[in-house]
Protein chains: 2
Amino acid sequence: MGELPLTLEGEGRQRILAAAEKLFSDKAFDAVSMNAIALQAGISKANIYHYFPNKDALYLAVLRAASRNLQKLLNDAVDAHGTVVEVLRHFARCHLQALLDRPELVRLVWREILEKGAPRAREFAEQGFADVFSALVAVLESGQARGELRADFAPALVATLMLGANVFFFQSRDILRHYPAVGFADDPAGYDAGIVEILLRGLIPESSADTVRA
Amino acid sequence: MGELPLTLEGEGRQRILAAAEKLFSDKAFDAVSMNAIALQAGISKANIYHYFPNKDALYLAVLRAASRNLQKLLNDAVDAHGTVVEVLRHFARCHLQALLDRPELVRLVWREILEKGAPRAREFAEQGFADVFSALVAVLESGQARGELRADFAPALVATLMLGANVFFFQSRDILRHYPAVGFADDPAGYDAGIVEILLRGLIPESSADTVRA
DNA sequence: CCCTATATTGACCGATTGGTCGGGCGCCGC
DNA sequence: GCGGCGCCCGACCAATCGGTCAATATAGGG
């Protein structure tokens with residue numbers, strides 16, 4: 001018992017998980033049949049039940065793995081060094097790149113968050129959200145403490161703004177692409193560079209910035 | 001033929017549409033059965049087929065109506081007067097309020113946009129997006145032309161940023177609410193006020209704003 | 001070689017799915 | 001009174017759903 005198998009452990013299990021991940025990321029839970037998963041994995045439907053007790057458990061396992069992988073990806077975007085401004089630039093770019101690199105994971109997890117009627121694993125999907133959000137808030141707070149950023153804004157609000165900018169870009173990229181006025185749909189790095197610059201410097205010309213305060 | 005009925009026209013039809021709208025906004029297409037819709041509407045399943053040829057047509061009709069209503073709501077947020085800054089403040093507040101007032105419509109339309117596997121009526125759902133986005137871009141452009149806003153940013157980028165801030169807030173409000181650092185989850189007006197202020201004035205203290213340009 | 005444990009399968013189950021059909025109910029013009 | 005027509009329903013259909021089961025293939029250890 002417990003001896004390490006020389007042949008790939010759980011090779012069949014991984015095949016099933018990969019197939020289910022692909023299908024569940026494209027279509028909703030009820031729109032994906034166990035037959036379709038078996039077909040995609042190249043095995044029989046009954047064989048799935050050798051590894052997973054039922055459809056919900058399989059879905060949960062897929063979401064669990066996706067959530068873990070996504071969380072790891074996104075956390076990599078947070079660890080950076082240098083001035084706060086540099087960290088923010090790095091975060092924005094890496095965060096969006098992570099989303100775009102693994103769109104299946106993002107769609108999978110985000111759909112679970114949006115679904116109002118069937119919270120199968122909502123708390124679990126929210127976990128990835130937590131770490132990134134908290135880390136970003138911490139960065140902003142330290143920026144305020146060091147005097148690199150204004151002290152009169154709520155860090156959580158700016159964190160929401162930045163995350164929202166990236167998530168919204170990810171979600172609506174296909175729509176934005178066929179707008180002539182949008183030149184950044186296929187240039188996520190440029191998008192984030194612009195976003196961060198605007199956030200840092202604002203939209204008001206400096207000469208008239210004081211007129212806003214009234 | 002064509003005589004106006006004194007009794008409510010399409011009263012049954014409206015009942016079905018309302019029931020379907022409620023269910024389709026909570027759960028995905030395949031997760032909502034015709035039986036459930038009939039039950040919710042208080043009629044028989046067979047009766048639905050007297051008004052709609054099949055499930056897809058019903059869903060399409062629901063999405064059509066929702067998209068139209070949402071579009072109307074959101075367009076109201078755009079028409080405003082005064083300085084560009086005032087218009088932006090008004091837009092942000094009204095736009096988010098519209099989303100929060102009719103969450104069923106938003107979820108319905110937005111799910112259709114996110115679904116990668118079954119574009120039942122994507123183009124149709126995107127229609128609402130178009131008007132709001134264009135209108136917001138126009139506002140920003142006029143602000144630049146009048147010199148009220150800086151001239152060195154892309155209007156479409158800022159429009160994306162603002163819409164994303166609201167949509168993301170709408171989507172993740174339930175998650176944000178149980179973060180202690182977030183005080184604005186139940187104060188959308190305050191959230192948007194903060195967003196707009198940051199966008200206008202930036203995060204950098206004015207004294208050190210020039211250090212960013214390097 | 002056999003024995004055991006894991007993998008894998010086709011056939012099958014009851015329940016539910018989207019959709020159909022024939023007929024009943026009620027109202028309005030004749 | 002009496003057709004006709006829009007509205008509405010219970011019963012039914014084939015197909016598919018998630019899930020079960022008994023039977024096989026496939027290994028590796030003794």
Side-chain angles (χ1 to χ4, degrees), chain A residues 1-63 112 115 117-121, chain B residues 1-63 112 115 117-121:
Chain A
M1 80 266 288
E3 66 281 2
L4 9 155
L6 295 185
T7 71
L8 259 313
E9 170 179 76
E11 192 260 352
R13 193 189 176 91
Q14 289 305 322
R15 267 254 284 273
I16 297 173
L17 282 173
E21 176 182 299
K22 178 185 189 314
L23 295 180
F24 279 136
S25 72
D26 277 348
K27 306 156 87 175
F29 180 83
D30 299 85
V32 177
S33 71
M34 295 298 270
N35 247 320
I37 297 175
L39 200 67
Q40 170 80 22
I43 60 173
S44 77
K45 180 181 69 169
N47 196 11
I48 298 181
Y49 288 90
H50 176 68
Y51 294 96
F52 302 93
N54 51 47
K55 189 182 179 182
D56 286 81
L58 170 58
Y59 177 77
L60 201 75
V62 169
L63 196 86
E112 186 63 30
E115 214 67 34
R120 276 172 231 281
Chain B
M1 75 262 298
E3 66 280 1
L4 12 152
L6 297 183
T7 71
L8 259 311
E9 169 178 80
E11 191 262 349
R13 192 188 177 92
Q14 290 305 321
R15 268 253 285 274
I16 297 173
L17 282 173
E21 176 183 299
K22 177 185 189 318
L23 295 180
F24 279 136
S25 72
D26 278 346
K27 305 156 87 175
F29 180 84
D30 299 84
V32 177
S33 72
M34 295 297 270
N35 247 319
I37 297 174
L39 202 66
Q40 170 81 24
I43 59 171
S44 79
K45 180 181 69 167
N47 196 11
I48 298 181
Y49 288 88
H50 176 70
Y51 293 96
F52 302 94
N54 51 46
K55 190 181 180 183
D56 286 80
L58 170 57
Y59 177 77
L60 201 74
V62 169
L63 196 85
E112 186 63 31
E115 215 69 35
R120 277 172 228 284

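Chain letters run A, B, ... following the sequence lines, proteins first, then strands; residues in each count from 1.
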Would you list the atom pairs, donor with acceptor, under 3.5 Å between side chains in residues 19-28 of chain A and any protein atom, with sequence neighbours excluded?
from    : atom 1 : to       : atom 2 : distance (Å)
A:Ser25 : OG     : A:Glu21  : O      : 3.3
A:Ser25 : OG     : A:Lys22  : O      : 2.8
A:Asp26 : OD1    : A:Arg107 : NH2    : 3.1

- Per the under-4.0 Å heavy-atom filter, residues of residues 36-48 of chain A near DNA chain C come out as A:Ile43, A:Ser44, A:Ala46, A:Asn47
- Query: To the nearest 0.5 Å, how far apart are CG in A:Leu39 and OG in A:Ser44?
  - Reply: 11.0 Å
- Whole-Å distance between D:dC17 C1' and A:Asp56 CG? 13 Å
- Message: If I take atom OH in residue A:Tyr59 and atom P in nucleotide D:dG18, what distance separates them, rounded to the nearest angstrom?
- Response: 14 Å
- Item | Nearest-Å distance for atom pair OH/C1', residues B:Tyr49 and C:dG19 | 5 Å
- Pairs where residues 36-50 of chain A contributes a residue and the test salt bridge (Lys or Arg N to Asp or Glu O under 4.0 Å) is met, not counting sequence neighbours: none
- Task: Return the value, rounded to whole Å, for the distance between atom CD1 of A:Ile16 and atom P of C:dA7.
- Result: 10 Å
- Query: Please give, in whole Å, the distance from C:dT17 P to B:Asn35 CG?
  - Reply: 6 Å
Exercise answer: donor-acceptor pairs, residues 46-63 of chain A side-chain atoms, under 3.5 Å, sequence neighbours excluded:
from    : atom 1 : to       : atom 2 : distance (Å)
A:Asn54 : OD1    : A:Asp56  : N      : 3.3
A:Asn54 : OD1    : A:Ala57  : N      : 2.8
A:Lys55 : NZ     : A:Phe29  : O      : 3.0
A:Lys55 : NZ     : A:Val32  : O      : 2.6
A:Asp56 : OD2    : A:Arg120 : NH1    : 3.3
A:Tyr59 : OH     : A:Glu112 : OE1    : 2.5

- d(CG, A:Asn54; P, C:dC13) in whole Å: 22 Å
- Message: Just to be sure I understand the rule, does A:Asp30 reach a base, reach only the sugar-phosphate, or reach nothing, if contact means heavy atoms closer than 4.0 Å?
- Response: nothing
- Task: Please report, rounded to the nearest Å, how far the C1' atom of C:dT20 is from the NZ atom of B:Lys55.
- Result: 17 Å
- Below 4.0 angstrom from OP1 or OP2 of C:dA7, is there any side-chain N or O of A:His50? yes
- Item | Partners passing side-chain hydrogen bond (donor to acceptor under 3.5 Å, both in side chains) against B:Gln40 (at least two apart in sequence or in another chain) | none
Atom pairs, protein N/O to nucleotides 24-26 of chain C N/O, distance under 3.5 Å:
none

- How many Å lie between CD on A:Glu11 and P on D:dT26, as a whole number? 16 Å
- Message: Please determine whether a side-chain nitrogen or oxygen atom of B:Tyr51 lies at a distance below 4.0 Å from atom OP1 or OP2 of D:dC8.
- Response: yes
